[in-house]
Peer 1: 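Please see the structure below; I have some questions.
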Amino acid sequence: MGCGASSPPPKVPDTFTPSQQAENDQTVGTAERLAGLDTSPVREGGLKTTEVKPVERISILNTSPDPGDEEKETLPAVDLEESSKSLNTSSSPEENYATQGMDSVNDPRPRNLSTNSTYQEKHVTPTVGVENVGVENVSHFNISDMHYDKIIGVGSFGTVYLSRNKRSGTHFALKRLKMKEVIDLQQVEHANNERWVWAGLRHPFICRLFGTSRDDRYLYLLLELAHGGELFSMLRKEGRFSNDTATFYAGETALALDYLHKNDIVYRGLKPEDILISRDGHVKLTDFGFAKVVYSHTYTLCGTPEYLAPEVLLNKGHGKPVDWWSFGVFVFEMLVGQPPFCSEDPMEIYQRILSGKTFFPSYISSDAKHLIKGLLRNDVTKRMSSSAVFSHPWFNTLDWDSLLAQKVPPPFVPRITHDGDINCFETYPEPSHGSSTPIQQSRIEANFADF
Ligand SMILES: Nc1ncnc2c1ncn2[C@@H]1O[C@H](COP(=O)(O)OP(=O)(O)OP(=O)(O)O)[C@@H](O)[C@H]1O
């Protein structure tokens, strides 16, 4: 982990000096909470072989069960700097799954828009119909109906394969989680959350979950295949994006986040690695492993270090604003080529996040700067959220309704020659099937009855 740690390095911004961010006068009571984190990624299938990403980001989480929306962990106040010294910083589906379109419908209902002091509201946010999230509307499928062997993605918890229905020939992305690992790492609740939250989601910029399955070793999620791969790879290739390119991806991502929030879902894991690109070049959000239905606040520490909001680090309880913070980090990273708070040392990342200081290269436009500053506000009550984002001048060139209708031409359209074409993905070593420990049926039923 780090900023531009290995080749190819992102283009160096002209006035950006990360070391400037180091001054931090805040002492916070979070170190024990952070010290308890397992920051080493658990990767199934080995590390990526062909290309090493310049910023290899990992997901972190507290491996204790989520205490629930209103319950709060009590953690003693500890000097962050002092404690950081002792931290461990190592660093088949049935035929009917076939490629249904997304059921997006414009919602004409009036919206409750809040105003921003500097910028006036100009747009009514477009949205898609709010679904009955969490309902049993994904099917169970038989894993023996699916063929899969090529890995297209490796995360901290799961391995994602290119998969094909043996009968229909339709391609999907198949996310496979090792049951034993999920249980050992106390991720049962997150795995079930992922399944339940994702089940009801229908949005053009969110990968569709078509079905779930399990055998005696693995849990499976059958997903819409995003042929274009990770936005992250595209960003690393380009170094940084132009304003127009960044507004396009930010706009589509903001629409997806807004949709989730309208369904009381906090995503809690936004990062370019999970923003995928469809065959047509549009955003497809994936990975709902940290997503949760939250009506007020939740307290579990999870996410990616560079993208964590201050209230998550401070264990103050967090809700939808965490996603707008991460969105600010995302916009910055697209425009600059690296996140605003980064370091080889996770504790330094946290200190920079808490410092409340963001340094901008001179080429960042004043509108972009204003938006990012509004999103990276430590005070959640002052942080911009959807209404302020949708009416912000940085997005002036975008027509939100056309964007939602996927009528705005994407900046890059992947070259895909056939349905199973995965040329936009990195190459991973061949997976070793059946290497995980089988789990007793009673334990499976007790933990994963819904899969
Ligand atoms: N629907 C999809 N289509 C194509 N590729 C996908 C899809 N879903 C996931 N991937 C690829 O697999 C990678 C890992 O998937 P995912 O992020 O869901 O795993 P995870 O273990 O939950 O990861 P994390 O470390 O972010 O928690 C993604 O970053 C992406 O490259």
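Both ligands and their constituent atoms are indexed starting at 1 by order of listing.
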Peer 1: For I349 versus F341, what's the shortest heavy-atom pair and its separation?
Peer 2: CG2-O, 3.7 Å
Peer 1: Between F290 and Y267, does the ring centre distance come in under 6.0 Å?
Peer 2: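 Ring-ring flag for F290/Y267: false, centres at least 6.0 Å apart.
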Peer 1: Output the list of atoms in ligand 1 that are nearer than 4.0 Å to some heavy atom of F157, sorted by atom number.
Peer 2: 21 (O), 27 (O)
Peer 1: If we only count heavy atoms from C-beta on, is the V182 to F448 side-chain gap below 4.5 Å?
Peer 2: yes
Peer 1: With heavy-atom distances below 4.0 Å as the criterion, list the atoms of ligand 1 near G158.
Peer 2: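 Those qualifying, in numeric order: 21 (O).
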Peer 1: Below 3.5 angstrom, do we get any N/O pair linking F425 and ligand 1?
Peer 2: no
Peer 1: Can you sort out which atoms of ligand 1 are near T286, meaning under 4.0 Å from one of its heavy atoms?
Peer 2: 7 (C), 8 (N), 9 (C)
Peer 1: Can F232 be said to touch ligand 1, with heavy atoms closer than 4.0 Å?
Peer 2: no
Peer 1: D323 and side chain to side chain donor-acceptor pair (under 3.5 Å): which partner among H318, H261, R268?
Peer 2: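 Checked H318, H261, R268 against D323; only one passes side chain to side chain donor-acceptor pair (under 3.5 Å): H261.
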Peer 1: What do you reckon, does L276 have a nitrogen or oxygen under 3.5 Å from a nitrogen or oxygen of ligand 1?
Peer 2: no
Peer 1: Kindly indicate whether the side chain of E306, heavy atoms from C-beta on, has any atom under 4.5 Å from the side chain of I353.
Peer 2: no
Peer 1: Which atoms of ligand 1 are found less than 4.0 Å from any heavy atom of E230?
Peer 2: 28 (C), 29 (O), 30 (C), 31 (O)
Peer 1: Applying side chain to side chain donor-acceptor pair (under 3.5 Å), can you list everything that pairs with N447, at least two apart in sequence or on another chain?
Peer 2: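 Per chain and number, N447 pairs via side chain to side chain donor-acceptor pair (under 3.5 Å) with no residue.
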Peer 1: Is there a side-chain contact between Y148 and Y220 (heavy atoms, below 4.5 Å)?
Peer 2: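 Yes, at least one pair of side-chain atoms sits under 4.5 Å.
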Peer 1: What atoms of ligand 1 come closer than 4.0 angstrom to any heavy atom of G153?
Peer 2: 11 (C), 12 (O), 13 (C)
Peer 1: Is E194 in polar range of ligand 1, meaning some N or O pair under 3.5 Å apart?
Peer 2: no
Peer 1: Heavy-atom pairs closer than 4.0 Å: do any link ligand 1 to the side chain of K271, the backbone, both, or neither?
Peer 2: side chain
Peer 1: Pair F360, F332 - check ring pair (Phe, Tyr, Trp, His ring centres under 6.0 Å), show working.
Peer 2: CA-CA 9 Å; F360 292 89; F332 185 101; 5.7 Å; yes
Peer 1: Which one of R208, H190, H171, K175 has a non-hydrogen atom at the shortest distance from atom 18 (O) of ligand 1?
Peer 2: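 Result: the heavy atom closest to atom 18 (O) of ligand 1 is in K175.
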Peer 1: Could you walk me through whether R164 and D419 satisfy the salt bridge (Lys or Arg N to Asp or Glu O under 4.0 Å) test, starting with their C-alpha distance in whole Å, then the side-chain angles of each, then the deciding distance to 0.1 Å, before giving a yes or no?
Peer 2: CA-CA 10 Å; R164 179 174 47 78; D419 192 38; over 6 Å; no
Peer 1: Which is closest to atom 3 (N) of ligand 1 in terms of heavy atoms, A226, G289, S233?
Peer 2: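 The option holding the nearest heavy atom is A226.
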Peer 1: Please state whether H227 comes within less than 4.0 angstrom of ligand 1, counting heavy atoms only.
Peer 2: no
Peer 1: Can you sort out which atoms of ligand 1 are near I152, meaning under 4.0 Å from one of its heavy atoms?
Peer 2: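 The atoms of ligand 1 under 4.0 Å from a heavy atom of I152 are 4 (C), 5 (N).
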Peer 1: Taking 4.0 Å as the limit for heavy-atom contacts, which would you say applies to D287 with ligand 1: side chain only, backbone only, both, or neither?
Peer 2: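 D287 to ligand 1: contacts from backbone and side chain alike.
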Peer 1: Could you tell me, atom by atom, which parts of ligand 1 come under 4.0 Å of a heavy atom of L223?
Peer 2: 1 (N), 8 (N)
Peer 1: Under 30°, 30 to 60°, or over 60°: which ring-plane class applies to F412 and F241, parallel, tilted or perpendicular?
Peer 2: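 It falls in the tilted class, 30° to 60°.
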Peer 1: Under a heavy-atom criterion of less than 4.0 Å, does C207 contact ligand 1?
Peer 2: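 Per 4.0 Å heavy-atom rule, C207 contacts ligand 1.
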Peer 1: Quick one: does F205's side chain get under 4.5 Å of H282's, heavy atoms only?
Peer 2: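 Answer yes - side chains close enough.
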Peer 1: Does any N/O atom on A173 come nearer than 3.5 Å to any N/O atom on ligand 1?
Peer 2: no
Peer 1: Heavy-atom pairs closer than 4.0 Å: do any link ligand 1 to the side chain of T304, the backbone, both, or neither?
Peer 2: neither
Peer 1: A cation-pi test, strictly: NZ or CZ of R236 under 6.0 Å from the centre of the six-membered ring of F232 and no more than 45 degrees from its axis. Yes or no?
Peer 2: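 Yes, cation above the ring, under 6.0 Å and within 45°.
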